[in-house]
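In what follows, a structure is listed as structure tokens, so that the remarks can point back to it.
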Amino acid sequence: MRYIWIIFVGLLMAMVAILPRLGKHKPAPPMAETSPSDAALRARPASLRTAPGAALPPRADSVVAFGLAQRGTPYVYAGTSPLTGFDCSGFIMYTFAHFGVPVPHSTALLIDVGRPVARTEAQPGDIIVFTGTAATNTTPGHAGIVISPRGELPLRFVHASSSRREPFVKVNQVENSDYERRFMQVRRVLGPDTGIAASARPKLIAAPASTPPVAALPARRVAVAAVAAPIPALPKRLATKKYPTAAITAKKKSAAKKKSASIPKRKRPATKAK
């Protein structure tokens, strides 16, 4: 009983010594809540951060990167695939379709797609439309995708060019080129107020982590007949065929002449005149 009282008194003394210390600790201040967008903005490099008013619409950077990846694809009239080639509107349709943005395969229809913006307000992902190459042409005849940041000069764009020297997907600029004379409009198809609803891209079906093993084919044994007799050894020296030489041929001819000369000639019987 004495030991129990000693333990009880020890616990009381320990509680008296610890409780005052616990009251001195102040609660930690609550952490400020951060939205996912703020966290994503802090995670991005400083070179990629933009002001809230100049933020690019979703998928703009991806569209530009995907379009630039097609550089070098040859120009083919009415082409819509990197395997066979592109024309100018086919290249634009293929690039935007990769991100679920429907764009017509016609330069004449691209002048009405999305909404128009000023040339000075052009930004990556916009469609830029030009007239044809003829000096008197006033209708849409060519188009590309803007790749320059907003306000940057010269205004650059990626497109499928049909020029004789470089007929493939490449990058050109508007200022100080023939494209400045042919410029018509800049159309925005990404972001709000464009009238274009982007559809979700089809998801690829992932392959199963483990595939069932393929059953082995049944093996078939073929009986090999034993050799009845041993194979005879080849002779060390093969027999050769002797061909007559010129001297032997001459001897045979002379012997044949002598033999014919030694044979007596038969006399023909005399015929009586009638």
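- Pairing each heavy atom of Arg71 with each of Leu68, the nearest pair is NE-O, 3.0 Å.
- Considering all non-hydrogen atoms of both residues, Pro104 and Leu110 come closest at O-CD2, 3.8 Å.
- Looking at every heavy atom in both residues, Cys88 comes nearest to Ala143 through CB-O, 3.7 Å.
- His105 approaches Asp87 most closely through the heavy-atom pair NE2-OD1, 3.2 Å.
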Q) Can you list the steps and then say if Ser148 with Arg156 is a side-chain contact (heavy atoms from CB on, under 4.5 Å)? A) CA-CA 5 Å; Ser148 295; Arg156 298 182 302 152; 3.3 Å; yes
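- By the salt bridge (Lys or Arg N to Asp or Glu O under 4.0 Å) test, Arg119 pairs with Glu175, Glu180, sequence neighbours left out.
- Side-chain contact between Ile128 and Leu155 is present, with at least one heavy-atom pair separated by less than 4.5 Å.
- Put simply, the side chain of Arg182 gets close to the backbone of Thr131: a donor and an acceptor are under 3.5 Å apart.
- When all heavy atoms of Pro124 and Arg150 are compared, the closest pair comes out as CD-N, 4.3 Å.
- Using modelled atom types, one side-chain atom of Asp126 and one backbone atom of Gln123 make a donor-acceptor pair closer than 3.5 Å.
- Hydrophobic clustering (side-chain heavy atoms under 4.5 Å, transitive across Ile, Leu, Val, Met, Phe, Trp, Tyr) keeps Val103 apart from Val146.
- Residue Ser163 holds its OG atom at 10.5 Å from OH of Tyr75, rounded to the nearest 0.5 Å.
- Tracing side-chain contacts under 4.5 Å through hydrophobic residues (I, L, V, M, F, W, Y), one never reaches Val63 starting from Met93; they form parts of separate clusters.
- In the hydrophobic cluster analysis, where Ile, Leu, Val, Met, Phe, Trp and Tyr join through side-chain heavy atoms closer than 4.5 angstrom, Ile92 is grouped together with Met184.
- The aromatic rings of Phe130 and Phe183 stand perpendicular to each other, their planes meeting at an angle above 60°, with 30° marking the opposite boundary.
- For the atom pair NE2 (His142) and CG (Asn172), the distance works out to 7.5 Å, reported to the nearest 0.5 Å.
- Judged by distance alone, with hydrogens and angles left aside, the side-chain atoms of Arg187 form a donor-acceptor pair with the main-chain N or O of Ile111 at under 3.5 Å.
- With hydrophobic clusters built from ILVMFWY side chains whose heavy atoms lie under 4.5 angstrom apart, Ile127 shares a cluster with Val101.
- Between His159 and Tyr179, the ring centre distance stays below 6.0 Å.
- Taking the side chain as every heavy atom from C-beta outward, Val169 and Thr73 approach each other to under 4.5 Å.
- Heavy-atom minimum distance, Gly67 versus Val158: O-CG2, 4.0 Å.
- The side-chain heavy atoms of Glu166 and Ser161, taken from C-beta on, include no pair separated by under 4.5 Å.
- A 4.5 Å side-chain heavy-atom check between Phe66 and Thr95 finds at least one atom pair inside the cut-off.
- Between Phe91 and Phe86, the ring-plane angle classifies as perpendicular under the 30° and 60° cut-offs.
- Tyr94 and Val189 fall within a single hydrophobic cluster, where Ile, Leu, Val, Met, Phe, Trp and Tyr are joined by side-chain heavy atoms under 4.5 Å apart, directly or via other members.
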